[in-house]
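Take a look at the structure below.
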Amino acid sequence: MKKVITGDHAVAIGAKLCRVEVVPAFPITPQTLIIEHIADFVSDGDLDAKFLTMESEHSVMSAAAGASAAGARVFTATSSQGLAFMHEMLYATAPLRLPVVMANASRTLGGPPGIWCEYNDSMGARDSGWLQLYVEDNQEALDMVIQSFRIAEDKRVLLPVMPCLDGFVLTHTVEPVDIPEQEEVDSFLLPYEPDIILDPKRPAMIGTFMPSEYIMELRRQTAGAFESAKEVIRQINSEFAQKFGRDYGGLIDTYMMEDAHTALITMGTVTSTSREVVDELRRKGEKVGLIKLRFFRPFPSNELKKAVSHISALGVFDRSISYHGGGPVYNEVRSALYGMTMPVINHLAGIGGRDVTKEQIMKMFELTQKAGKGEKVNDISWHNTRGETN
Amino acid sequence: MAAQTLAEAAVSEGNYAVAFPYFGAERRGAPVLAFTRIDSKKIFSKTQVYAPDCVVVLDDSLLDTIDVVAGLKPKGMAIINSREKPEDIDLGKIIDTATVNATSIALEILKAPITNTAILGAFAKATGIIKIESLEESIKRKFGEKLGAKVGERNALAAWTAYERTITGKSRGVKKLEARKQWLPTHQEIPVGGCLIEGKTDAGLIGPGSFIENKVSGWATYRPLRDKAKCTMCLLCWFYCPEGTIVRISDRGDLMTNYDYCKGCGVCANECPVDAIKMVRARI
Amino acid sequence: MITIKELSDDNLFTAGHTACPGCGVAMSIRNAIRVLGKDTVVYVPASCAVVFGTTFPYGAWKVPFFHTAFENTGACLSGMQAAFEKKGKKVTVVGFAGDGGTYDIGLQSMSGAAERNDDVLYICLDNEAYMNTGIQRSGGTPFGAWTTTTPVGNVVQGNRRFKKNLGDIVAAHEIPYYATLSIGQPLDFIRKVEKAKNMRGFRFLHMFTPCIPGWKMDPAKTVEVTKRAVQSGMWTLYEIENGDKRITYKPGKMKSVKDYLMMQGRFRHMSEEDIKKLQMWVCKKWNLHYKEKGAPDVCEILPPVEHHAVTEEHREMHGP
């Protein structure tokens, strides 16, 4: 069934289709629509879940951890300052291997305060042990909530997952979304059955004080789960494609890369706009391609290496700044491509929700192409930023 | 505190010294580890000490469970708080050993079984690494600053008394002490997320309820003796015991104290309404 | 009502835990869990009780145990309870938080759970300072007390604020049950835990739990000190059930607060003037809780009573 809905609505429907059991919630723009829709589902009897109106995001993630440890499938959503406020609890849920799924509506993390899209909220949580993925449209937002639960609850992974959708650009934008049938989702995602939970019939200790004799092995184990997650993500992507007819490519997606000379790595909705830019440039005969970085954690180093093995220059889009100079994605990509000699340059744009236009994306390709030809360009370019010359 | 005071005394003699505790998870009265390094030049090493020149043992009950001289250098020395003479102490190898009854000294002078200043006096006497006078100064300063001049002086007196009563000699080397087994899983073996249910390993129980593997009798300076004839079975001691070391037996008609888990707090004796429980020294 | 004799022999918080000798928290936990029984799930926020109750791979709890952070007892309990309710499981969801974790950093989370009236039992183990980090002042620290962050200096001596009135704060949430407990009154203690266990909605048990190193006292006196706290009015035993307040234990004639203070090193430095201030605070509390209608206010300064040590061994052990 097709419906014209917002990204937030799509996420809420995704959660409902997953038959989530506990939803602790706290409002924050631009995520609030998600929890409002879920509250409606529960109040109308369309979703049999415990909906908890918490008094802060820290408590949201605390309740989520408690409910997950007690064996429930848990969903919630947050954004920006809310994600920052629950930061401590992100670090508690992941190593305890509690497979919570939480949508993050990407939004600038103040100060100064703003409500529009930027990735500095989720990037700050990149080492918390959560899987992170970024979607480009409302359909993918819904589909990835479903896939997220499959990935999170897979025994080889057992880690929390954070699907991120661009604030306002998706959260408050309507577009057609194909809503899967409940039976189809039920056969794709079985009920959550964890091995160890808080159960008086078989008492467990979850979250014990842990001396240094053990904690390093535990970290190593969690790191191993991130490695395993890569294969799980690919498998689940294929299975989903088979069942629902939508293939997202797994950890990354590529567009027009087969014979490309120059490529741009993008995330989120800028990918979507970039597809049209690539089409335009291709019509002019320019051999450009696009790589959509879907998962930022685990980071798909091998996929990226393979995807860019034949090109002469690579541009990396970043929607937040890491104060080493460029953005965090740039940092990771450079590190992944260590040993390759092609120029890799960084394009900072869209920060604080500034609109990323086709002209800016054209400029990103143009600068990257120049670098590919050996012309001198800045390693890091701030696009559409007053006082900056690229 | 002993390790730090020793370091201060060493520094006051123109040396460089570093002292640090190993922060374990246990609370007051539990066995703890602390290290002191002394050198004539700056010490850069920030790791724990694995092969000491001298090992100081504040509680000789540890000798039954821990091979305290396992890492000791061949010509190293052991200093032990004990009523025994060195030749009556079996360390599993024959090494230079000094003993002093620091507990008695502490009870006598400080009116509490806090032995760390007394044992330092023994250290000064046995090793000669620092002078007792420097130690006295640093004890007075350190304890005086924190707890008042009187406490400082009493602690210095404890150190002096121990200095005078220290006996040096050689330990016996008969017993074979097996290192306590510890469960050390690999990252593949450690349960997912560190979440534990009841289980058993080569090293004993793990998971819920497994703290019974941890015998804490070594913490106790005193232990309760119950006079059965006086006892009315009111169960207040059973109720109040924070350890759960008093258990009901004989169809709940009698009580038994499992001293493996008694830390010697004395609450049972204090609360007994008919004075049927007395606290006695745990080790004679 | 359960008497001491009828209490279960099950050690649901086993021996071998690593609490200090004479720990009031361990004593209270052991007896609370004895009454609560096996079908209990426990959350413990950052505190001594996490460390002495579990150290990987060991644990004293024989009921399910969960811990994540410091400030989130209320929220974690709510989440656990929601999951059990959804799954149709009947368990008592209990949190054991300290005074720091309740009066201060965890107040918001506790308030949220209380206001939602979530069906959980919140137990505050009040030892009147942050003991796990080594005795720092909390909102529950009494007036005059030494802590490492309210030291006894040349200019300022000890804590200058009176203990926060947590009872009124909790009761203001209009929850089904709030009660104060002291281990020194076993039957009252058992009755309140049992009552809380059998009620539904948000229940709060406020336990007075001496800390030996934090209060600088003789470990044998853990219970005795709670009794003197009650006799002096420093700690009052009452319950508020659906808005109705009831005194559950009224001591006889009020004893001097000095009787209570002199047992503990943390108060030893207090000046006569400060003791008087504290005594006045206690008198106000006493009048509020215990005064009969029409009776005159109690506000006199009472002389301390002579106490004697129990045994010779004790004198040897702990000094005169």
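Order of the sequence lines fixes the chain letters, A, B, ..., with proteins taken first and strands second; residue numbering starts at 1 for each chain. Just so you know, these numbers come straight off a predicted model, no measurement behind them.
Contact annotation for residues 90-99 of chain A against chain C (heavy-atom separation below 4.5 Å, listed by residue number): A92(A), L96(A), L98(A). Residues of residues 102-109 of chain C having a heavy atom under 4.5 Å from any heavy atom of chain A, listed by number: Q108(C), S109(C).
Interface check for chain A: of the options A113(C), P57(C), G53(C), the most heavy-atom pairs under 4.5 Å are formed by P57(C). Put simply, of S62(A), A72(A), S68(A), A70(A), the one with the most heavy-atom pairs under 4.5 Å next to chain C is S62(A). In terms of heavy-atom pairs under 4.5 angstrom with chain C, the leader among S59(A), A69(A), A64(A), A67(A) is A67(A). Note: C76(C) leads C76(C), A46(C), G112(C) in heavy-atom pairs under 4.5 Å with chain A. Ranked by heavy-atom pairs shorter than 4.5 Å toward chain C, the options A63(A), G71(A), A49(A), S56(A) are led by A63(A). Chosen from K89(C), E71(C), E85(C), the residue pairing most often with chain A at heavy-atom distances under 4.5 Å is E71(C).
What you find for M54(A) and S78(C) is that their closest heavy atoms are CE-CB, 4.5 Å. Residue G207(A) comes nearest to F65(C) through the heavy atom pair O-CE2, 3.9 Å, listed as atom of the first residue, atom of the second, then distance.
Looking at heavy atoms from C-beta onward, H67(C) lies out of side-chain contact with T208(A) at the 4.5 angstrom threshold. At least one side-chain heavy atom of P200(A) sits under 4.5 Å from a side-chain heavy atom of V41(C). Proximity of Y43(C) to L198(A): side-chain heavy atoms (C-beta onward) are nowhere separated by under 4.5 Å. The shortest side-chain heavy-atom distance between F56(C) and P211(A) falls under the 4.5 Å cut-off. Taking the side chain as every heavy atom from C-beta outward, E115(C) and E55(A) never approach each other to under 4.5 Å. Side-chain atoms of E21(A) and K87(C), non-hydrogen and from C-beta on, do get closer than 4.5 Å to each other. P203(A) places none of its side-chain heavy atoms less than 4.5 Å from the side chain of W61(C). Side-chain contact between K86(C) and D48(A): present, with at least one pair of heavy atoms (C-beta onward) separated by less than 4.5 Å.
Proximity to chain A (any heavy atom under 4.5 Å) is restricted, for V91(C), to the side chain, taken from C-beta onward. Only the side chain of M89(A) comes within less than 4.5 Å of a heavy atom in chain C; its backbone stays farther off. Using a 4.5 Å cut-off between heavy atoms, S111(C) does not touch chain A at all. Using a 4.5 Å cut-off between heavy atoms, T53(A) touches chain C through backbone and side chain atoms alike. Using a 4.5 Å cut-off between heavy atoms, E88(A) contacts chain C through its side chain alone, with no backbone atom that close. The part of A204(A) that comes within reach of chain C is its backbone (N, CA, C, O), which places non-hydrogen atoms under 4.5 angstrom from that chain.
Side-chain N or O atoms of T54(C) include one that pairs as donor or acceptor with a backbone N or O of F209(A) at under 3.5 Å.
For E174(C), the CD atom counts as loosely surrounded, since its 6.0 Å shell holds 12 or fewer non-hydrogen atoms of other residues, nucleotides or ligands.
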